[in-house]
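Computed from a predicted structure; not experimentally measured. Numbers restart at 1 for each chain; the letters A, B, ... are given by sequence-line order, proteins then strands.
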Amino acid sequence: MFQTPSPISLEDACRALEDPADEELLREVRKGDQRAASQLYERYFRRLVRLTDNYTGPDLSTRFDAEDVIQSVFGSFFNQVRCGLYEVPVGGDLWPLLLVIALQKIRRYRVRHRAAKRDVRRECRQGESGTAERELRCLESADPEPHLSLLAKETLELMPERYREIVLLRLEGYEHEEIAQLSGRSKRSIERMFQECRQLLQEMIRENHNAIAGRSGSRSRDGSHRQQFRTRLVNT
Amino acid sequence: MQLQAVPAAEAEMDRIVSSFERAWSTHDDAALEEFLPPPDHLNFEAILCELIRVDLEMRWSRKRPRRLDDYQNRHPELFCNAVMLNLLAFEEFRQRLLTGEAVNPTEYEDAYGVYTASWPRSIEPLTRVG
């Protein structure tokens, strides 16, 4: 299922110390510096490939490769950066943000893939191949992304009530303007709520990283850590 | 376990902005000043800024635009805050762009002294969502 993150080599650690921080690179990208954009791309490419491979599974890997998803992730990311929408928290990195964008993209690919499978099945019904139809139905009924569904479900449960509706609509593929219309809010409010959601998710991912890093400590300490985070979310 | 606590700043802002939006949708107009917290409220400036941004959207999308100078005359203290001024200037700029006006960011640099290097030069990035 999930791959254990590889340990950081000494070479990587030295390089990390010499490289400019994400915050600095993002500032340069905003000024139109292509080299900074390339540095960010190279910094996160391999990590995104691993993530995409983990979440697509063998059935989808024949339909598209990880690089398609990653190109799309960086395309969206750089467009929004040019609009001045993303910020890196002081001392933070862009991984939580890229992770969320990538998961959204993967989900959209999956939705499109499923729609395509339905079309193929319809064609099979019209034809003579009962076996092909059975095979396709079997493939469709098996949920190939249980961990992604579980992750989304758990994350939504932790989110404050007012964010859930708009996040669900976004996951369904609605654009900001459509979500504004459906929820009776202004586009600006939807934008603001998504910015807050992203901050929450970044915090959640950071907390998880810290929890993993501190797993050598007692289990009860992890439990209280999670409880503290849950309390903060409920109070928001 | 659901814990009761004092609502965070974001939740309070959302309640205020949501009431303002409801007023707009009910009466097709609303005075943002009626929704402001007391001036000594800890989050007064951020809430005022957000209400102006929503007001700009409501008015420009209904073809009843109000210009930033008008808000500046009503709330001059907010425009002394460089961060808020930047956000407000960008909001008016993008509303104008979305209504099809040919607007150049340099206009805002000259008028308000804001930094516009990261602003889009056309409507396309504003209508594209990642």
**OP:** Fit a plane to each ring of A:F78 and A:F74, take the angle between them on a 0 to 90° scale, and name the class: parallel (under 30°), tilted (30 to 60°) or perpendicular (over 60°).
**Re:** parallel
Original post:
Which of these, B:E57, B:E91, B:E107, sits in a salt bridge (charged side-chain N to carboxylate O under 4.0 Å, His left out) with B:R96?
Top reply: B:E107
Subject >> From CG (A:L98) to CD1 (A:I101), nearest 0.5 Å >> reply: 5.5 Å
**OP:** Sort by residue number and list every member of residues 187-194 of chain A having a non-hydrogen atom under 4.5 Å from chain B.
**Re:** A:K187, A:R188, A:S189, A:E191, A:R192, A:M193
Original post:
In terms of heavy-atom pairs under 4.5 Å with chain A, which of B:M13, B:E50, B:M58 leads?
Top reply: B:E50
**OP:** Answer yes or no: is there an ion pair linking B:R64 with B:D28, defined by an N-O contact shorter than 4.0 Å?
**Re:** yes
Tell me which donor-acceptor pairs under 3.5 Å the side chains of residues 30-39 of chain B have, and how far apart each pair is, sequence neighbours excluded?
from	atom 1	to	atom 2	distance (Å)
B:E33	OE2	B:H75	NE2	2.8

Original post:
Tell me, side chain or backbone of B:S18 under 4.5 Å from chain A's heavy atoms, or both, or neither?
Top reply: both
Original post:
Within a radius of less than 6.0 Å around CD of A:Q71, do more than 12 heavy atoms belonging to other residues, nucleotides or ligands occur?
Top reply: yes
**OP:** Go through the side-chain N and O atoms of B:E12 and B:N43 and say whether any donor and acceptor fall under 3.5 Å apart.
**Re:** no
